[in-house]
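Computed over heavy atoms, backbone and side chain alike; hydrogens, waters and symmetry mates excluded. Given the structure is predicted, the values throughout are model-derived calculations rather than measurements.
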Amino acid sequence: MSTPDQDTSGQDTSEEEPPARATSEEESLAQDPPAPVAAAEGARAGLSPRQARRLRVAVASVLLVGLAAVLVLRLASRTSVLVVGVYGLAMILCGVVIELSRHGRTRLGTWLLGAGLLAALAADWLLLP
């Protein structure tokens, strides 16, 4: 027995049209490329490791220059070994943070920089006249 869509040889002769939905999806894909890259970027928000290292190096460098300027101003108003000691150690700490960041230890550098600057401010407030 043959169905109306088959001829006597048993082959299917009906022409099947692709569903309209498939063509509209293809058209939308042709207009808007798939966004796996955008999804991957959206899933990982924040800085890349290289950007984080560069940011920490820049922050530590700016703080190093700022501390040098404060040291000069403090020495101009009052010469003291404690002034040189406190600000000198803070400047050395900034250099250590720069090196740590260059070698990929940005979190450790950030913690050291924060703790060191707080210690320098506390020493300036408590120790220096």
Side-chain angles (χ1 to χ4, degrees):
M1 244 176 143
S2 69
T3 61
D5 291 339
Q6 294 179 346
D7 64 0
T8 55
S9 65
Q11 294 179 350
D12 189 11
T13 58
S14 67
E15 292 183 21
E16 293 182 22
E17 294 182 24
R21 183 176 178 159
T23 57
S24 66
E25 287 178 14
E26 290 173 0
E27 289 174 1
S28 68
L29 287 177
Q31 293 172 355
D32 298 325
V37 174
E41 289 175 1
R44 184 180 169 193
L47 298 174
S48 70
R50 176 177 283 168
Q51 290 171 333
R53 285 192 300 268
R54 287 183 179 173
L55 179 66
R56 264 72 169 202
V57 167
V59 168
S61 299
V62 168
L63 286 173
L64 181 65
V65 171
L67 286 170
V70 171
L71 176 62
V72 169
L73 292 174
R74 291 293 298 234
L75 285 175
S77 66
R78 179 169 171 106
T79 304
S80 171
V81 175
L82 284 176
V83 171
V84 174
V86 167
Y87 288 102
L89 288 174
M91 290 170 60
I92 290 170
L93 179 68
C94 287
V96 168
V97 169
I98 290 171
E99 283 301 309
L100 285 173
S101 294
R102 285 184 58 223
H103 293 291
R105 303 289 181 217
T106 54
R107 289 183 192 154
L108 176 63
T110 302
W111 281 104
L112 281 176
L113 186 62
L117 289 178
L118 287 176
L121 289 174
D124 184 33
W125 185 61
L126 293 172
L127 297 176
L128 300 177

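Under the 4.5 Å side-chain criterion, counting only non-hydrogen atoms from C-beta, L113 is in contact with L63. Put simply, the side chain of I98 reaches to within 4.5 Å of the side chain of S61, judged on heavy atoms.
One hydrophobic cluster, built from ILVMFWY side chains closer than 4.5 Å, holds both M91 and L82. The same ILVMFWY cluster, assembled from side-chain heavy atoms under 4.5 Å apart, contains both L55 and L117. Placement of V59 and L47 within a single hydrophobic cluster is found when ILVMFWY residues are connected by side-chain heavy-atom separations under 4.5 Å, directly or transitively.
For the residue pair V86 and A120, the shortest heavy atom distance occurs at CG1-O, 3.8 Å. Across all non-hydrogen atoms, the minimal contact from L93 to G116 is CD2-CA, 3.1 Å. Among all heavy-atom pairs drawn from A60 and V97, the shortest one is CB-CG1, 4.0 Å. Nearest heavy atoms, R74 versus S77: O-OG, 3.0 Å.
The salt bridge (charged side-chain N to carboxylate O under 4.0 Å, His left out) contacts involving residues 45-66 comprise nothing, where partners must be two or more places apart or lie in separate chains.
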**OP:** Could you walk me through whether L75 and Y87 pass the side chain to side chain contact (heavy atoms under 4.5 Å, CB included) test, one step at a time?
**Re:** CA-CA 10 Å; L75 285 175; Y87 288 102; over 6 Å; no
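If you take CH2 on W111 and CG on L100, they are separated by 15.0 Å, rounding to the nearest 0.5 Å.
The only member of L67, V65, L89 that meets side-chain contact (heavy atoms from CB on, under 4.5 Å) when paired with C94 is L67.
Remark: R102 pairs with E99 by the salt bridge (charged side-chain N to carboxylate O under 4.0 Å, His left out) rule, at least two apart or across chains.
If you chain together ILVMFWY residues whose side-chain heavy atoms come under 4.5 Å of each other, W125 ends up grouped with L126.
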